[in-house]
Number of protein chains: 2
Amino acid sequence: MVTLAEVARHAGVSASTVSYVLSGKRTISTRTRERVEKSIRELGYHPNAGARALASSKSNIIALMMPLRTDMYVPVMMEIAIAVATTARERGHDVLLLTGQEGPEAVRRVVGSGLADAMILMDVELQDQRLPLVREAPRPAVLIGLPADTSDLTCVDLDFVATGRQCVDHLAEFGHRDIAVVGEAAAVYERHTGFAERTILGVRERAAELGARVLHRPCEGSYESMAGTLARIFDERPGTTAVIVQNEAAIGPMLSLLRQQGRAVPEDISVVAICPEQVATQQSVALTSVAIPAHEMGRRAVELVMAKIEAAGGNGAAEATGPHTEMLPPQLTVRASTGPAPSPTGAP
Amino acid sequence: MVTLAEVARHAGVSASTVSYVLSGKRTISTRTRERVEKSIRELGYHPNAGARALASSKSNIIALMMPLRTDMYVPVMMEIAIAVATTARERGHDVLLLTGQEGPEAVRRVVGSGLADAMILMDVELQDQRLPLVREAPRPAVLIGLPADTSDLTCVDLDFVATGRQCVDHLAEFGHRDIAVVGEAAAVYERHTGFAERTILGVRERAAELGARVLHRPCEGSYESMAGTLARIFDERPGTTAVIVQNEAAIGPMLSLLRQQGRAVPEDISVVAICPEQVATQQSVALTSVAIPAHEMGRRAVELVMAKIEAAGGNGAAEATGPHTEMLPPQLTVRASTGPAPSPTGAP
DNA sequence: GTGAAAGCGCTAACAA
DNA sequence: TTGTTAGCGCTTTCAC
């Protein structure tokens, strides 16, 4: 293994010079720099991560805590993770993958050992077990998702309340007055994951303002469960003319079932989905949808956490890296699945 | 920050004693151990990861290289990743998440810096760019997937050739003689990802042995593309009575389309899927399927890589941790989507 | 613009 | 069974 000392000897300079060439923390004459860089290349030198971490108290690693669950829509999680890893690398950091499995204890371990300089928590629940530890931790953290109490915390999330409102707005403009919401699996609500509840909140608020009726039903991802949910909806509210779906796994089954039942989209029933773009465009009908900006969420989380790391290390003046909540504005794209509400000429 | 030295002082022992209590590498009297453990608890001590890595030349980190792609079935990737992280934690290791983004260079960086003790590579292609580096690397590696040349490498994968054969076997027993294969996206074949090609190989082999005909068509995940693929299949081979699907995203659309076309499953057409169990059971018809053992793959990869790490550190005798390929046997579960081939009494 | 040297916190001989 | 001590490879004052 090639060490910094060997590079120094090879280049005929001192160890500190090599170190400073690497870090750029002091000015080096062009001649010296070039000689050192040549030696580094020739010897195939790679700085030792452990030694660096020890000497600098910085690991250049960000921990990413993922949920262990499988009832959430996985591709979104994955896209966030990839965005986090990619962005972190661009800023010279690596990502340590933690699963929920270890529980809150993982926070303590990672922070205590200095393994990671900071952490990003995904799938945050309203009353999240990890939050007390995060609040006390001497390391920066950013949450993806919104807990009930955000004091002292930095959070990034899609503005799901606005998302719910926007869906209703769009449907109301088309004259829909009887709207159903096909939501996430029941377990998601029981666990009080914020985003699902916040969406409903937004939907209800806006519907109340506009005088529309809302029927909300949770739904597991399966075809069978979707069939049941749909049956119940049309049973309880035969006049339903629009559906908002917030369960990606249920979208395919739903469209399939509607077709089977002879309900045309959007002539008989309008559909708005809350899902990644890819899902919206790959269906039998291109769906009007609010995109889940997974990539953007991951990227912002890294940027925020990096700003905190830098603020902590550098100057005393904390430059707006303090706790705050960043809500990404929803964006509704109109496609082929929404249209004017049918005039109520149907059955008696 | 609490250091080992402070713990030692607090407990009235030497630093090495604390270290040995932690590592268990030498026998400690119960009295001393308890005293040390008490001090550790009282002071809230966590060993510093960097210092440990530096002194022991072991980071206790395994790097996991994921593909950056999005045309693969993401949930499987995610399940593997979670299995890797979970299993690694059980064995005292953490997981560093690398994306394909950095390219082969990432291998060099991680290995060179001693950031990771070993690596696991996912989504290996037949001619994978990373393999030359992996072969030379002074650190153990395990591949999930099978490259063209496996010499000097350790690989884990589902036996896709056997999977293909097994699907044909099952269908042939039901009397099917005209079988279509709906495959992965064309890009997957162009990239020469082994598993897709190997499945087709197995299907063709077994079909030839049994005198059945095979028509293979790649298929993107979308509804539209599935419609096209299906149309072409029945156009070219109107006598097709069975389909093998190896594109999870296409399964829902396919079932939906078949229903629309008035083709009953399994009365008119039998369907075998190669997909995770969850996908097979969540459809409108419970699918006969060969499971993709994502969890098992991740777990085995970690076990193999850990055995290598231990072999490298410990005794000189390499105890069967040398390069080899481990093929997980496919397991076909019969559900409701397969049945006897219809007798050819149809159209003129 | 460069060098010398004192650690960073831990492990693992070597001694006792 | 326990203690002493010399590094591990790098960063970062100081000093010039």
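We name chains A, B, ... by the order of the sequence lines, and we start the count at 1 in each one.
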From CA spacing to verdict: side chain to side chain donor-acceptor pair (under 3.5 Å), B:S19, B:S16: CA-CA 5 Å; B:S19 177; B:S16 60; over 6 Å; no

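Of all heavy-atom pairs spanning B:D149 and B:R135, the tightest one is O-NH2, 2.8 Å. In plain terms, the two heavy atoms of A:P323 and A:T154 that are nearest each other are CA-OG1, 3.3 Å. Here the closest non-hydrogen pair linking B:T99 and A:A85 is CG2-CB, 3.6 Å.
Atom-to-atom, CG of B:L4 to P of C:dT11 comes out at 7 Å; the value is rounded to the nearest Å. Regarding A:R35, its CZ atom lies at a distance of 12 Å from the C1' atom of C:dG1, rounded to whole Å. Rounded to a whole Å, the OH atom of A:Y45 is 10 Å from the P atom of D:dG9. As rounded to whole Å, 13 Å separates atom C1' of C:dT2 from atom CZ of A:R33. Put simply, CG on A:N48 is 10 Å from P on D:dT11, counting in whole angstrom units. A:L54 places its CG atom 7 Å from the P atom of C:dG9, with the value rounded to the nearest Å. Rounded to whole Å, the distance from CE on B:M1 to C1' on C:dC8 is 9 Å. Rounding to whole angstrom units, CD1 of residue A:I28 and C1' of D:dT12 are separated by 13 Å.
With respect to A:K38 and A:E42, a salt bridge is recorded, a charged nitrogen being found less than 4.0 Å from a carboxylate O. Ion pairing between a basic and an acidic side chain is recognised when a charged N comes within 4.0 Å of a carboxylate O; A:E105 and A:R108 show such pairing.
At the phosphate of D:dC8, neither OP1 nor OP2 sits under 4.0 Å from any side-chain N or O atom of B:S57. Taking side-chain N and O atoms only, A:S56 has no distance below 4.0 Å to OP1 or OP2 of D:dT12. Contact annotation: A:R52 side-chain N/O to D:dT11 OP1/OP2 distance is under 4.0 Å.
Near DNA chain C, defined here as any heavy-atom distance below 4.0 Å, the residues from residues 14-26 of chain A are A:S14, A:S16, A:T17, A:R26, listed numerically.
Closest contact between the side chain of B:T32 and the listed nucleotides C:dG3, D:dT1, C:dC8 involves D:dT1.
Toward the 5' end of DNA chain D, the nearer of the two residues B:A51 and B:T27, judged by each one's closest nucleotide, is B:T27.
The CE atom of B:M66 lies 7.5 Å from the CE atom of B:M77; values are rounded to the nearest 0.5 Å.
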